[in-house]
Amino acid sequence: MLCKVCRNKATVEVRQHNAAYCNSCFVNYFLKQVQRNIQAQKMFSPQDRILVVVSGGKDSLSLWDALIRLGYRVTALYLDLGIDGYSERSGEKCRALAARTGTPLHIVSIKEEFGLSVPELARKTRRIPCAVCGRIKRYLFNKFALEGGFDVVATGHNLDDEAAALLGNLLHWQTGYLARQEPNLPASHPKLIRKVKPLYTLTERECLAYALIQQISYLAEDCPYAEGATSITYKEALNHIEQAAPGTKLAFFKGFLRHKDLFKNQEDGLELKECSRCGQITTGDVCSVCRLREKATAPPKRPAS
Ligand code: Q46
Ligand code: ZN
């Protein structure tokens, strides 16, 4: 197989576009795709301050690397979830890329913020770790970006993530979620920061190829709590279809974006206000993270005598 651009020997096949590239032409293709997504969705400009949230995995580290190479003003944020072993190893990968690129990386420890790690918070509040983790992550990303004066928060969600989320939302007719599934999610309140996903047309395989070619050291293992997640089942189902009909995932997600108006006015329409404890945005009087914090730090109930 020959590279589509330079006709040298191809090393990466991009089946969704019926193309193949050598290493250096693949990197150019990847960067062009990211740049095109940023412009097509009006995500940000070179003047904007971008907070890219990184987990130590191939997607977020590839995004961070790509945005630096494209000349954007990027600062990275890593949340240390306090998950035994996994968090140390993922934090290490983020520190290594920060050192290599000479770009700023902020580390926020959940244990320092809340007095307890994600698994401990989950145990204390009798919730599943992912429910606690997802809520805390969204809260801290926004809080950090707001306090730091960032214009936008960028995450490493790729096409596989977006197509799987779309399939899940459609299977359960979550019309509110469908209305809000966007690669460029506008801020619906002055204290909410816009969220963007510049990798939304690039598959997980393409992000992996980019990380390998650029010699980005990433954490290959999944979070121990990811096992059994329904999103993995949806990804497998979509990969099965993609195998038989390359390009389906991209057509599925792009088609959804073209028909997004079908889900207009499906948002829950709840009034947004400031949490009476922390000032972050919520729909009740006290936000869910402050409620979680209170529940986790409440003294244990005495058994009835
Ligand atoms: S939500 Fe759940 Fe992830 Fe948090 S606890 Fe791990 S698997 S990291 S994307
Ligand atoms: Zn609050």
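Counting starts at 1 for both ligands and their atoms, following the listed order. Side-chain atoms are counted along with the backbone in the values below, which use heavy atoms only and exclude waters and symmetry mates. None of the values given here were measured: they were computed from a predicted structure.
Note: angle at the Zn ion (ligand 2), from SG of Cys278 to SG of Cys290, is 110° (rounded to 10 degrees).
In terms of protein heavy-atom proximity, atom 3 (Fe) of ligand 1 is closest to Lys137 NZ, 4.0 Å. Shortest contact from atom 6 (Fe) of ligand 1 to any protein heavy atom: Cys223 SG, 2.2 Å. Of all protein heavy atoms, the one closest to atom 1 (S) of ligand 1 is Cys133 SG, 3.6 Å.
For atom 4 (Fe) of ligand 1, the N/O/S atoms of Cys130 include none lying under 2.8 Å.
Taking 4.0 Å as the cut-off between side-chain N and carboxylate O, Lys197 and Asp161 do not count as a salt-bridged pair.
Taking the side chain as every heavy atom from C-beta outward, Val34 and Leu199 approach each other to under 4.5 Å.
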_Could you go through Ile38 and Gln35, starting from their C-alpha distance and side-chain angles, then the distance that decides it, and tell me whether this counts as side chain to side chain contact (heavy atoms under 4.5 Å, CB included)?_
CA-CA 5 Å; Ile38 291 166; Gln35 178 70 342; 4.1 Å; yes
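Outside the 6.0 Å centre-distance limit, the rings of Tyr210 and Phe26 are not counted as a close aromatic pair.
Counted by atom type alone, Glu206 and Gln16 present one or more donor-acceptor pairs between their side chains at under 3.5 Å. Defined by atom type and a distance below 3.5 Å, a donor-acceptor pair is present between the side-chain atoms of Thr201 and Gln33.
Interface atoms of ligand 1 facing Leu81, defined by a heavy-atom separation under 4.0 Å, are 8 (S). Every atom of ligand 1 is numbered from 1 in the order shown, and the set under 4.0 Å from a heavy atom of Ala226 is 7 (S).
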